[in-house]
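Each chain gets a letter, A, B and so on, in the order its sequence line appears, and its residues count up from 1.
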Amino acid sequence: MTTTTFEPKIVGFLCNWCSYTGADLAGISRKKFAPNVRVVRVMCSGRVEPSFVMKAFESGADGVVILGCHPGDCHYAEGNYKTLRRYPLLKKTLAQLGVEDERVRLEWVSASEGDRFAAIVNEMTEQVRRLGPFHQNRGKNVKA
Amino acid sequence: MEERRIGVYVCHCGSNIADTVDCAQVAEYAKDLPNVVVSRDYKYMCSEPGQNLIKDDIKQNKLNRVVVASCSPRMHEPTFRRALQDAGLNQYFFEMANIREHCSWVHTDRAAATQKAKALVSAAVRRVYHHEPLEAREVPVNPNVLVMGGGVAGIQAAIEVADSGNLVYLVEKEPSIGGHMAMFDKTFPTLDCAACILTPKMTIAGQHPNIKLLSYSEVEDVSGYIGNFKVRIKKKARFIDEDKCTGCGRCQEICPTKVASEFEQGLGQRKAVYKPFPQAVPNKVVIDAVNCRHLKGRAQGKDICRICQKGIPNKSIAGCETGAINFDQKDEILEVDVGNIIVATGFQQFDPSVIYQYGYGHLPNVVTGLQFERISNASGPTNGEILLASGKKPEAVAILHCVGSRDANYHKYCSRVCCMYSLKYSHLLREKLPDADVYQLYIDMRCAGSGYEEFYERLQEEGVNFIRGRAGEITDTAESPEEKDKLIVLVEDTLVRRKRRLPVDMVILSCALKPRADTEKMARTFGLSRKADGFFLEKHPKLDPVATVTDGVFIVGCCQGPKDIPDTVAQASAAAARALALISKGKVEIEAATATIDEEHCAGCKVCIELCPFKAISYDETKKVSRVNEAVCKGCGVCVAACPSGAIKGKHFTDEQIMSEIEGVLV
Amino acid sequence: MEQRKNFVEEISAIPGGEGIRLCIQCGTCTASCPNADKMEYTPSEIIALARAGYRHEVLSSHSMWYCLSCYLCTVRCPRGINPTELMHALESIATKEGLSPHHRTLTPAMYRSFTDFVYSLGSLPELGFMTWYYLLTNPLRGLRLMPVVLSLIRHGRLSVKARRLTPEGTKQLKAIVEKAEALGGAH
Amino acid sequence: MKASYFPGCSSSEGGAKAYGSSSQAVSKVLDTELVELEDWNCCGSTPYSSFDELTSLALSARNLALAKKKGKDLVTPCSSCYVMLNRTNAYLKQYPKVKAQVDEALAAGGLRYNGTVRVRHLLDVFVNDIGYDAITAKVKKNLAGLKVAAYYGCQVVRPKFGFDHPENPQSLDKLIESLGGEAVSFPLKSRCCGGSLVISEENIALDLSRKLLDSARSNGAECIATVCPLCQTNLDVYQSRVNKKFNTDFKIPILFFTQLMGIAFGLGEKELGFKTNIVSAGKVLAKYA
């Protein structure tokens, strides 16, 4: 790897109960992973509006991960099912706006899955790095 | 709109953050962020001097918004919110940037980590700009407590809460409380008999005026929140009128159906109508519908047996004299309200038959730890005589440690108690069979506990053969005359680097303690998370070991991880104290971050009503708008995200707050 | 100290050797090994020695040459280590460095003659292989085995002609094998 | 059904010819054509992996690359080939570095391999693809009363590429029963026969073989069925050496499981090649032949 490696900026929307706790666990157990994902905490992945994702790309993100509790484990009983149902719609809209499929990813991470969180961050970073930057000019036509 | 005056505080957390993040640089950077009037870095922000920094700045520099960049908000958000309150600022004018768990602890490149820390700080600053004052709501705490599980942990917790004058619902799925401890013979290292110390507690729990004992029952559903849970409990049909049954035991004498006894670990038998063991609490029998001839007959519309009820007239044997037997009994559903829940569901013994090479299930006289407890127990199937299946006394016995524990193929964790109970078995063997050779095969002796190492030493004196090595297999294929009709244990004695073949008559497998099969179901019912090893996850492994991610729900004993009786009882008392603290306070503060609907913009489409998991939104027919009941709303924000007309606002997670945070992380 | 570090790293770097750091010396591998009692060092002892840096002792021992590749240790190891492959790894290092103890076990020679044939023919003609091996090691032992050999011939179990690949196949195989060796193999 | 077939050296023109021919014949009866992989090379077996890991992997990779063109599965009757080929698949997946090197080596021979070929043991195909009932359906001479020790050896069940339990396999027992025979209890069914060390360390191998023969006989077996050429060789060819060394009097026929199936299917000497069995199976099988 050369010094000019592209370092993607990725926004991570994490639900407070499972995924954020899982990310904390990764920290407590000193797992090492790529610094590219910056976390925005929401109470439930169900709170993540498509406009948030658009906003992220508009503001210069190269990728977005949405992490929630495993289906059935949602602190709010079924919030993450809502997320799941809304997700394909989001993907479609993004596709229309020319955002590659691989730039957005929805995953379940429980409070005990620190390793999994670290793994997902690394995978996603690599994945987006391969895609290259999400150019501003394309960013423009993404309006939140 | 009032001018925003933001203070930023970057914590070193000793070296935890400062080692990987250049805190001074981050603080310097924050100075130039919009509306920031003070920006400092300090060694320990959570310390008193640290908090005073904030308080003084609020007074002197007229701060009206505060950002602390340090650990996870799950750790210290309450601490700093309190600091703001003390300085007369609304606690919600605070935002935290997690630059420890999410940054310094997980990255190695100092430059990159510092860069990320800056981004997280800028996000917090942009977000806090839009924070609004909120009032934390207080709700009364229901003083009743639910204890799930009637083992030693549940019994201890229930008694302590009940003694304080509060009502406890003690729910046990088996016909009697007592759990695993009731099966044990002696307890290490003191060797006092388990029954002698447990049964008195069982009786107290059974007779306590403040304990409502619900045996043979299951919790089906839990709703509500800390201080105000609603619990639905299923009381399984016992086919016995508990008020009439005296536990005399006549019915189980005359019942013609014999089945293997769960309590005796399959070594003894019980009847279809039975009490699991003589000291059972409640002292009532139960009819096992799966095996009862009459109940099975009923399924096919036949009316047979009923011997327990009618006796055998022609042999002038009387049936139940109190008329307690009621074949028509149905499952009952109870709804109870409680303010706290203590989960004490315990563990399950690892089934060693999956380790085929150890022979359990196909070689005779290979037994599990619990089976040996029963064999050695005076009230067990052999009245405490240690005998082989053949009825003969064993001349040599091997005890294998770490069966299913410390094993990548099964459970990676150490079960913590096996070394000690194996020592206990050795002692019982040396005591009851002084002429028998006892081999204890260990990988490491783990005897951490008061009097434990001393107990190990005592067993060395008692002449146990300790072999440092893990058995590879147990075979009955003899290779020499002295191996004939023996179980041969293959092991490397790693201290002399010799592969040895030990001919023995009995092998005891010290099996792992594993999470119960129903752990996942329980986790869902009670809103708990699980650790990688499958046990329930505590709120903080060190500082909050009995609380959980769900406020008001506590975990104690082996459902949280393998542990011995002293630790289990200590946790039980701890959880009881936590519950009582809340009860004596009488009220609990709950998140103010709920949803509200702006009636001006609400189109009355009712989408939110469909989506709300808590039925917190109702429809106002007259005004044709939806309305949120904030007492029920938990602030998940699902409705906020879904509202087509943007009329719903998620307090403390408003669109503009989140949007500006997104901008922030991407600088 | 340095040496210890290097040897453990050297082994960990070889496929199958990576588990060596995880060993807890429980002896399950030895207890499961059909040949452990014939070995100079038991399998678990080999690991202990390797970690302690006794490189020469390990590589010149005949322990790994007694490994039968029955994989009992591998399926039973509570740390998920793969002692069988670890043994193979040690064998290949020993071979490369000419440390295999020919005077104490014939297995290296047997393996050598085996691989010689596979190398040159791409297949293994048993008769040729056996003769070659006994010539290399101990012709007399070969003679003692004559009864066995004869019965094999009598029952038509020793074909004299060796199976050959097509010329193209042979060429292709050579190219592949030579490349593999150029990339760090032996021979 | 057609299946790409990798006989391995001994089952093609080596000492286990009979295994090869009986495998072909029995498969035909079960409407399965074993199409031999063209121009395959020796898998290198344990010796090569102990001698030069990378080259050993390259050897197997070549076979897999050739098989890739022929379809998804590659079937072999030899336990050693089974392990070497499977192991190569596993390594290429697990170790990117190794894969890179193997790819380079293959490229030198103008080949590419992406790890898609599934390596199967013939026993696996028989019991799991074709199934016991289909096998029973083809039985002409029920093997009723024949007491067989089902011997798996090591590498068909270990390490865990296996389709059967690594310590207590059952598939061959069930197969024998589906032929009408009786699979006797055989605790050592998955223990080692001594493998190739029979050549370099004969005493060790003979001792292990003795234990197997002993256990089989004391459990009442009239013959032993094997799924591996080397196991058969050690127990059959070296049985006389065992008797000599331990002055025992074993006379236990060691059959390839496909020979046993052949008998039940009513096939003849030509396909089953019993004359290559050193310890004659004539007596034991008389009532079925």
### Query
Using a cut-off of under 4.5 Å for heavy-atom pairs, which of C:Gly16, C:Ala109, C:Ala89, C:Pro108 has the most such pairs with chain D?
C:Gly16
### Message
Taking every non-hydrogen pair under 4.5 Å, which of C:Leu173, C:Thr137, C:Thr84, C:Leu121 racks up the most with chain D?
### Response
C:Leu173
### Query
Does the side chain of C:Tyr111 come within less than 4.5 Å of D:Tyr48's, by heavy atoms?
no
### Partner chain C: residue of D:Arg62, D:Arg241, D:Lys275, D:Lys211 with the largest heavy-atom pair count (under 4.5 Å)
D:Arg62
### Main-chain N/O of C:Leu165 paired with D:Asp39 side-chain donor or acceptor, under 3.5 Å
no
### Most contacts with chain C, counted as non-hydrogen pairs under 4.5 angstrom, among D:Pro159, D:Gly8, D:Ser12
D:Pro159
### chain D contact via C:Glu178 - which portion, at a heavy-atom distance below 4.5 Å
neither
### Message
Below 4.5 Å, heavy-atom pairs only: which of D:Lys97, D:Glu202, D:Arg191 has the largest tally toward chain C?
### Response
D:Arg191
### Task
Output the residues of residues 65-80 of chain C for which the shortest heavy-atom distance to chain D is under 4.5 Å, in residue-number order; output 'none' if no such residue exists.
C:Trp65, C:Tyr66, C:Cys67, C:Leu68, C:Ser69, C:Cys70, C:Tyr71, C:Leu72, C:Thr74, C:Val75, C:Arg76
### Message
Side chains of D:Leu54 and C:Glu181, heavy atoms from C-beta outward: is any pair under 4.5 Å?
### Response
no
Cut-off 3.5 Å, no hydrogens considered: what does the side-chain donor-acceptor table look like for residues 100-112 of chain D, sequence neighbours left out?
| residue | atom | partner | partner atom | Å |
| --- | --- | --- | --- | --- |
| D:Gln101 | NE2 | C:Leu183 | O | 3.3 |
| D:Asp103 | OD1 | D:Lys99 | NZ | 3.3 |
| D:Asp103 | OD2 | D:Lys99 | NZ | 2.9 |

### Residues in residues 144-157 of chain C near chain D [non-hydrogen atoms, under 4.5 Å]
C:Arg144, C:Leu145, C:Val148, C:Ser151, C:Leu152, C:His155, C:Gly156, C:Arg157
### Part of D:Ser190 within contact of chain C (heavy atom distance under 4.5 Å)
neither
### Query
Going through the distances and angles, do D:Arg87 and C:Glu85 end up as a salt bridge (Lys or Arg N to Asp or Glu O under 4.0 Å)?
CA-CA 10 Å; D:Arg87 174 175 175 282; C:Glu85 303 297 355; 2.8 Å; yes
### Nearest non-hydrogen partners of D:Leu208 and C:Pro34, listed with the distance
CD2-CB, 3.9 Å
### Message
Just verifying a value: how many Å separate D:Ser49 OG and C:Glu91 CD, rounded to the nearest 0.5 Å?
### Response
7.5 Å
### Task
Please list, chain by chain and in numerical order, all residues satisfying side-chain contact (heavy atoms from CB on, under 4.5 Å) with C:Gln25, sequence neighbours excluded.
B:Arg468, B:Arg497, C:Cys23, C:Ser44, C:Ile47, C:Ala48, C:Arg51
### Message
Is C:Leu158 close to chain D through its backbone or its side chain, or both, or neither, when contacts mean heavy atoms under 4.5 Å?
### Response
neither
### Query
Under a 4.5 Å heavy-atom cutoff, which of D:Ser50, D:Ala205, D:Cys154, D:Ala16 has the most pairs with chain C?
D:Ser50
### Summary
What one should report as the nearest heavy-atom pair of D:Leu66 and C:Gln172 is CD2-OE1, 4.4 Å
#### Entry: Engaged part of D:Cys42 at the chain C interface, taking heavy atoms whose separation is under 4.5 Å
both
